[in-house]
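Report on the structure given below.
Below, chains carry the letters A, B, ... as their sequence lines are ordered, and counting in each starts from 1. On a predicted model such as this, the values are computed, not experimentally measured, just so you know.
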There are 2 protein chains.
Amino acid sequence: MQKQHNLSKNQKIIFDLIDKSSEPLKAYSILFNVQKKGINAPLQVYRALDKLVEIGKIHKIESRNAFIACQNSSCQISKATAFSICESCEKVSEISNTKLSKYLSNFADEAGMKYSKYNLEFFGLCKKCKSK
Amino acid sequence: MQKQHNLSKNQKIIFDLIDKSSEPLKAYSILFNVQKKGINAPLQVYRALDKLVEIGKIHKIESRNAFIACQNSSCQISKATAFSICESCEKVSEISNTKLSKYLSNFADEAGMKYSKYNLEFFGLCKKCKSK
DNA sequence: TTGTAAATGTTATATTATTACATAGTGTTA
DNA sequence: TAACACTATGTAATAATATAACATTTACAA
Ligand SMILES: [Zn+2]
Ligand SMILES: [Zn+2]
Ligand SMILES: [Zn+2]
Ligand SMILES: [Zn+2]
């Protein structure tokens, strides 16, 4: 059973915006969009983003410095994430594949390192862009 | 047979610095370190970094905005990269594991997307930090 | 030797993210 | 309730990361 997090005012405003967006959003584009709701400073956005990432409601797409809502309710609090990114239209989807996540969660190399978290980003062309 | 790239002056200066570093280097730390060699502006650093990434001599650690030399001569021009990152001491190693790279290169999900590239970052504690 | 692509130099600016400090709300427990 | 700890907010300033625009030079092949 996952812990229930009651989002604060700013967190809710920012999560709702990201959640209803069809594409990853960047911090300053979020800021621009929530100014009418009284969020005026970058820090207010970054603080909410940090918290939302921490509790697993959103993920950061590292290669794009952008944020998307978690599309995978079983996502273990952002500890195991995989995305597909179209290099043409920049569409991003969260990959939910049990085999893949098991494979990666159990991966151990020779370096003797114990992994607690991973992030995987695949790049290519989405179906739509491929057929153009 | 891999194409031979003759590095230009700036590319060589910057590659040498990254290559002999024991940790990932950030762009502005590189800039600071090469100013005595006549490289004065961020853009000169970023241009060399872009080229070095493109030809696979270095990789960008996306979660850290930092660069390390490729430790894996068979790395297919930065198209398939995996790293282990210690969250305590920030040590980064490039993972060279044939099974893993085969698994990921052949991965195809249901979305019908053809991947041409991936980047994987594992996080955890390195051997040294684990035993502290 | 001339054309072309790659690389360089320089200035300015855009984008992304954090530090520092003051204040306010929320929930728990004495 | 009062005291406390913890989380969240507001605001200003600034740090860190990255790119745009333009002029010039170098490498090198046709
Ligand atoms: Zn998720
Ligand atoms: Zn696409
Ligand atoms: Zn490599
Ligand atoms: Zn370590």
Does a side-chain N or O from B:N65 land closer than 4.0 Å to OP1 or OP2 of D:dA18, or not? yes
Under the side-chain contact (heavy atoms from CB on, under 4.5 Å) rule, what do B:F67 and B:I14 come out as? Steps first, then yes or no, please. CA-CA 11 Å; B:F67 299 84; B:I14 286 169; over 6 Å; no
Between C1' on C:dA22 and CD on A:Q44, what's the gap in Å once rounded to a whole number? 14 Å
Integer-rounded Å distance: C:dT16 C1' and B:E62 CD: 14 Å
If I take atom CD1 in residue B:I14 and atom C1' in nucleotide D:dA18, what distance separates them, rounded to the nearest angstrom? 14 Å
Taking only Lys NZ, Arg NE, NH1 and NH2, and the carboxylate oxygens of Asp or Glu, determine whether B:E87 and A:K117 approach each other closer than 4.0 Å. yes
Do the side chain of B:Y28 and the base of D:dA18 come within less than 3.5 angstrom through a donor-acceptor pair of N or O atoms? yes
Walk me through it: do B:Y118 and A:F123 pass the test ring pair (Phe, Tyr, Trp, His ring centres under 6.0 Å)? CA-CA 6 Å; B:Y118 68 77; A:F123 304 89; 9.2 Å; no
Is a donor from one side chain sitting under 3.5 angstrom from an acceptor on the other, for B:S63 and A:E62? no
C:dA7, OP1 or OP2 - any side-chain N/O from B:K9 closer than 4.0 Å? no
Can you tell me how far P of D:dT17 sits from CG of B:D50, to the nearest Å? 16 Å
At less than 4.0 Å, is any side-chain N or O atom of A:N6 found next to OP1 or OP2 of C:dT26? Yes or no. no
D:dT9, OP1 or OP2 - any side-chain N/O from A:S8 closer than 4.0 Å? yes
Rounding to a whole Å, what distance do you find between B:I13:CD1 and C:dA7:C1'? 13 Å
Identify whether any heavy atom of B:K12 sits under 4.0 Å from a base atom; if not, whether one sits that close to sugar-phosphate; answer base, sugar-phosphate or nothing. nothing
Check this one for me: any side-chain N or O of A:Q11 less than 4.0 Å away from OP1 or OP2 of D:dA8? yes
Expressed as a whole number of angstroms, how long is the span from B:R64:CZ to D:dT17:C1'? 16 Å
Counting just side-chain N and O atoms, does B:K51 come under 4.0 Å of either OP1 or OP2 of C:dA5? no
Can you see if the side chain of A:N10 gets near the phosphate of D:dA8 - specifically, an N or O under 4.0 Å from OP1 or OP2? no
Along DNA chain D (nearest heavy atom to each residue), the more 5'-positioned of A:R47 and B:S29: A:R47
With a 4.0 Å cutoff (strictly under), does any side-chain N or O of A:K60 reach OP1 or OP2 of C:dT16? no
Pairing of B:D16 and B:K20 as salt bridge, 4.0 angstrom limit: no
Selected nucleotide, minimal atom distance to A:N40 side chain, candidates D:dT11, D:dA18, C:dT11: D:dT11
Could you give the CD1-to-C1' distance, from A:I30 to C:dT16, as a whole number of Å? 12 Å
NZ of B:K26 versus C1' of C:dA17: gap in Å, rounded? 10 Å
